[in-house]
2 protein chains.
Amino acid sequence: MQKLTVGIEKAATILKLLGDKTRLAMMKMLETHDYCVCEFVEIFKMSQPAISQHIRKLKDAGLVQETRRGQWIIYSLNKDNDYYPLVHSLLQHLPSQDFKLQELEEQGLRISCD
Amino acid sequence: MQKLTVGIEKAATILKLLGDKTRLAMMKMLETHDYCVCEFVEIFKMSQPAISQHIRKLKDAGLVQETRRGQWIIYSLNKDNDYYPLVHSLLQHLPSQDFKLQELEEQGLRISCD
DNA sequence: TTAATATATAACAATGTACTTATATATTCA
DNA sequence: TGAATATATAAGTACATTGTTATATATTAA
């Protein structure tokens, strides 16, 4: 059961988390596809630990969830989270990031294709 | 003319601004009433410079606007801002903070009553 | 079992944030 | 004009954040 509204303090925590362009882009991207860490590393041209640390923050807040698939760990949005309605409505205001997925596919670097 | 979506980077900047419980509460409160700095000082039990600095950030981002009324400066939401649709939809997920206004009135500290 | 790959964690440095106190500016009113 | 009030700004400090590099852990495949 999800709440209609969310406490101000907790909401501020979520917004602070999303107030980083890398994490915000990740969330928008996860709206349409799942991704593994190594794909994000390619997409954001950022070190693997940096990506891993961003994802951990999202995971600790319950915004994303992980599933291991062999040697890869696939991340997806956790739509059951209490804050998902807030997050969802905010993501609607952002432009699709699917062009990044396309770039990845053109480079032959897409891994977690379903 | 407002845009349908907003760049990821700029959106992250806005969300980071709102990712502070004081500023987020201010924005929610400004949805229903205008406030002056001295009222926020009472409500948030915070020093005047601290409040002033929070408001300046909101103002610099164009989220709020000021109007001088005598010795007071009244702050209100800037609904013409490009990011207002995003901000508005996100505030809908937060509980009303009107009880804070009531407290203020009960203490006889309400200033900027229209 | 060993090498290769994917991910996580730890320790650190640079930078950013949010307060504080002290002080400046603007307005009102006696 | 001068005192009182409201607000802004500056400088300093404590703490948080985000990257880095080095290293640990987990899985796969030879």
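Per chain, numbering begins at 1; letters A, B, ... match sequence-line order.
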Q: Would you classify B:Phe40 as touching base, sugar-phosphate or nothing, given that sugar-phosphate means primed atoms plus P, OP1 and OP2, and contacts are heavy atoms under 4.0 Å?
A: nothing
Q: Considering heavy-atom distances to DNA chain C, does A:Glu66 or B:Gly19 have its closest nucleotide positioned more toward the 5' end?
A: A:Glu66
Q: Can you check whether B:Leu18 reaches B:Leu91 side chain to side chain, under 4.5 Å on heavy atoms?
A: no
Q: How many angstroms lie between atom CG of A:Leu90 and atom CG of A:Leu24, to the nearest 0.5 angstrom?
A: 7.0 Å
Q: Is the gap between the ring centers of B:Tyr75 and B:Tyr35 under 6.0 Å?
A: no
Q: Distance check: side-chain N/O of A:His54 vs OP1/OP2 of D:dT17, anything under 4.0 Å?
A: no
Q: Would B:Lys28 and B:Glu31 pass as an ion pair if we require N to O under 4.0 Å?
A: yes
Q: Any N/O pairs under 3.5 Å between the protein and nucleotides 22-24 of chain C? List them or say none.
A:
none

Q: Separation of B:Trp72 atom CH2 from C:dA26 atom C1', in whole Å?
A: 14 Å
Q: Nearest whole angstrom, please: distance from the P of C:dA18 to the CG of B:Leu24.
A: 13 Å
Q: Give A:Lys16 one of three labels, base, sugar-phosphate or nothing, depending on what nucleic acid heavy atoms sit under 4.0 Å from its own.
A: sugar-phosphate
Q: Within the pair A:Ser52 and C:dT7, is there a side-chain N or O less than 4.0 Å away from OP1 or OP2?
A: no
Q: With sugar-phosphate meaning primed atoms plus P, OP1 and OP2, does A:Phe44 contact a base, only sugar-phosphate, or nothing at under 4.0 Å between heavy atoms?
A: nothing
Q: Among C:dA8, C:dC19, C:dT27, find the nucleotide with the atom closest to the side chain of B:Arg68.
A: C:dT27
Q: Indicate whether OP1 or OP2 belonging to D:dT17 is found under 4.0 Å from a side-chain N or O atom of A:Lys57.
A: no
Q: Taking only side-chain N and O atoms of B:Tyr35, does any of them lie within less than 4.0 angstrom of OP1 or OP2 on D:dA6?
A: no
Q: Could you give the CD1-to-C1' distance, from B:Ile51 to C:dT21, as a whole number of Å?
A: 16 Å
Q: Can you tell me how far C1' of D:dT18 sits from CG of A:Leu58, to the nearest Å?
A: 14 Å
Q: Quick one: does any side-chain atom of B:Arg23 pair with a main-chain N or O of B:Leu17 as donor and acceptor, under 3.5 Å?
A: yes
Q: To check you understand the geometry: which heavy-atom pair defines the closest contact between B:Lys100 and B:Ile43, and what is its length?
A: CD-CG2, 3.6 Å
Q: Looking only at non-hydrogen atoms, find the nearest pair between B:Ala25 and A:Ile8 and report the distance.
A: CA-CD1, 4.0 Å
Q: OP1 or OP2 of D:dT9 less than 4.0 angstrom from a side-chain nitrogen or oxygen of B:Arg56, does that happen here?
A: yes
Q: If I take atom CD1 in residue A:Ile55 and atom P in nucleotide C:dT9, what distance separates them, rounded to the nearest angstrom?
A: 12 Å
Q: Provide, to the nearest angstrom, the distance between the CD atom belonging to A:Glu42 and the P atom belonging to C:dT7.
A: 11 Å
Q: Rounded to whole angstrom units, what separation is found between the CZ atom of A:Arg69 and the P atom of D:dA26?
A: 21 Å
Q: Among D:dT18, C:dA18, D:dA8, which is the nearest nucleotide to the side chain of B:Tyr75?
A: D:dA8
Q: Which one, C:dA18, C:dT27, D:dT18, comes nearest to the side chain of B:Gln71?
A: C:dT27
Q: Report yes if a donor N or O on one partner sits less than 3.5 Å from an acceptor N or O on the other, where the partners are the side chain of B:Gln53 and the base of C:dT20; otherwise report no.
A: yes
Q: In whole Å, I'd like the distance from the CD atom of A:Glu39 to the P atom of C:dT5.
A: 17 Å
Q: Once you apply a heavy-atom cut-off of 4.0 Å, does B:Lys59 come out as touching a base, just sugar-phosphate, or nothing?
A: nothing
Q: How far apart are the closest heavy atoms of B:Gly19 and A:Leu15, and which atoms are they?
A: CA-CB, 3.9 Å
